[in-house]
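Quick note on labels: first sequence line is chain A, next is B, and so on, each numbered from 1.
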Amino acid sequence: MACWLFKSEPATWSWDDQVARGAAGEPWDGVRNYQARNNMRAMVPGERGFFYHSNQGKAIVGIVEVCAPAHPDPSTDDPRWECVDIRAVRALPRPVTLEACKAEPRLAGMVLVTNSRLSVQPVTEAEWAVICEMGGLDGE
DNA sequence: GCCAACGTTGGC
DNA sequence: GCCAACGTTGGC
């Protein structure tokens, strides 16, 4: 199973907003970047991702699950754009900051570190495990 | 608030 | 198809 990372500015859509949606989840709409869209197209329901707060917080704060495969983005009529739905799974006991990721040698190749502008990113299994450990989870 | 990095657009 | 101009993102 592939792992992912979703970035959001908390002022626009925060982890708390995501949690408030509960099991119904929320379309991850508004993405207007081909690489990010392609990543969402590759997602399969049940796969998990990290939820990252950009700008304010700059930390991975929770884990989400893809609950609907890619479908047309409801926020536009442009057929080029698609999105998946995600739902909150759990918060990380300890948020993992961008600073901490940069300081961890095992995460040197992580997209969040090397291309911070990509809003929907792939995460390797190894990176997933390291961040779970840093965040206070044994594995997930 | 600044600015560097990056992606997209559009003229040629 | 190239590339300059522009807009946006996001760390600092």
Side-chain angles (χ1 to χ4, degrees):
Chain A
M1 290 238 293
C3 307
W4 310 96
L5 182 144
F6 298 84
K7 278 196 315 192
S8 184
E9 293 191 36
T12 305
W13 184 257
S14 70
W15 172 249
D16 287 342
D17 293 326
Q18 185 69 49
V19 168
R21 284 294 175 184
E26 178 77 5
W28 199 253
D29 59 11
V31 171
R32 300 292 182 265
N33 172 281
Y34 292 107
Q35 244 183 302
R37 182 206 61 188
N38 291 344
N39 287 333
M40 288 197 284
R41 280 182 174 172
M43 293 179 189
V44 176
E47 287 181 340
R48 296 201 165 182
F50 290 123
F51 192 102
Y52 175 79
H53 276 168
S54 63
N55 270 317
Q56 302 149 53
K58 280 175 291 180
I60 295 167
V61 294
I63 291 176
V64 295
E65 181 180 274
V66 177
C67 58
H71 57 83
D73 186 326
S75 70
T76 176
D77 289 333
D78 192 329
R80 290 179 298 171
W81 305 117
E82 298 176 16
C83 63
V84 297
D85 291 6
I86 61 172
R87 65 176 183 83
V89 174
R90 68 193 302 180
L92 287 186
R94 276 181 284 121
V96 178
T97 64
L98 177 62
E99 190 183 13
C101 290
K102 287 184 169 175
E104 168 57 59
R106 288 176 293 171
L107 298 179
M110 192 177 177
V111 180
L112 188 65
V113 173
T114 61
N115 180 10
S116 62
R117 293 197 46 195
L118 185 60
S119 61
V120 179
Q121 314 177 353
V123 174
T124 67
E125 302 257 349
E127 290 160 356
W128 184 271
V130 169
I131 289 163
C132 284
E133 174 195 315
M134 292 167 76
L137 295 175
D138 283 340
E140 187 79 23

*Does a salt bridge link A:E82 with A:R41, judged by any charged N lying under 4.0 Å from a carboxylate O?*
yes

*On DNA chain B, check which nucleotide each of A:N55 and A:N115 is closest to and give me the residue with the more 5' one.*
A:N55

*Can you see which heavy atom on A:E104 is nearest to which on A:V130, and at what distance?*
CG-CG1, 4.0 Å

*Is the side chain of A:R94 donor-acceptor paired with the backbone N or O of A:M134 at a distance under 3.5 Å, no angle test?*
yes

_Students should find this one: the first and last nucleotides of DNA chain C, 5' to 3', lying under 4.0 Å from a heavy atom of chain A. What are they?_
C:dT8 to C:dC12

*asked:* With ring-ring contact (aromatic ring centres under 6.0 Å, His included) as the criterion, how do A:W13 and A:F51 come out once you've worked through the C-alpha distance, each side chain's angles and the decisive distance to 0.1 Å?
replied: CA-CA 11 Å; A:W13 184 257; A:F51 192 102; 7.9 Å; no

*Can you list the steps and then say if A:F6 with A:V84 is a side-chain contact (heavy atoms from CB on, under 4.5 Å)?*
CA-CA 11 Å; A:F6 298 84; A:V84 297; 4.2 Å; yes

*Walk me through it: do A:S14 and A:D16 pass the test side-chain hydrogen bond (donor to acceptor under 3.5 Å, both in side chains)?*
CA-CA 5 Å; A:S14 70; A:D16 287 342; 4.9 Å; no

*With a non-hydrogen cut-off below 4.0 angstrom, is A:L118 in contact with a base, only sugar-phosphate, or nothing?*
nothing

_Parallel, tilted or perpendicular, as decided by the 30° and 60° cut-offs, for the rings of A:F50 and A:W128_ = parallel

*List in numerical order all residues of residues 26-38 of chain A for which some heavy atom is under 4.0 Å away from an atom belonging to DNA chain C.*
none

*Between A:R117 and A:R80, name the one whose nearest nucleotide on DNA chain B is closer to the 5' end.*
A:R117

*Verify, without hydrogens or angle tests, whether A:N33 (side chain) and A:A36 (backbone) share a donor-acceptor contact under 3.5 angstrom.*
yes

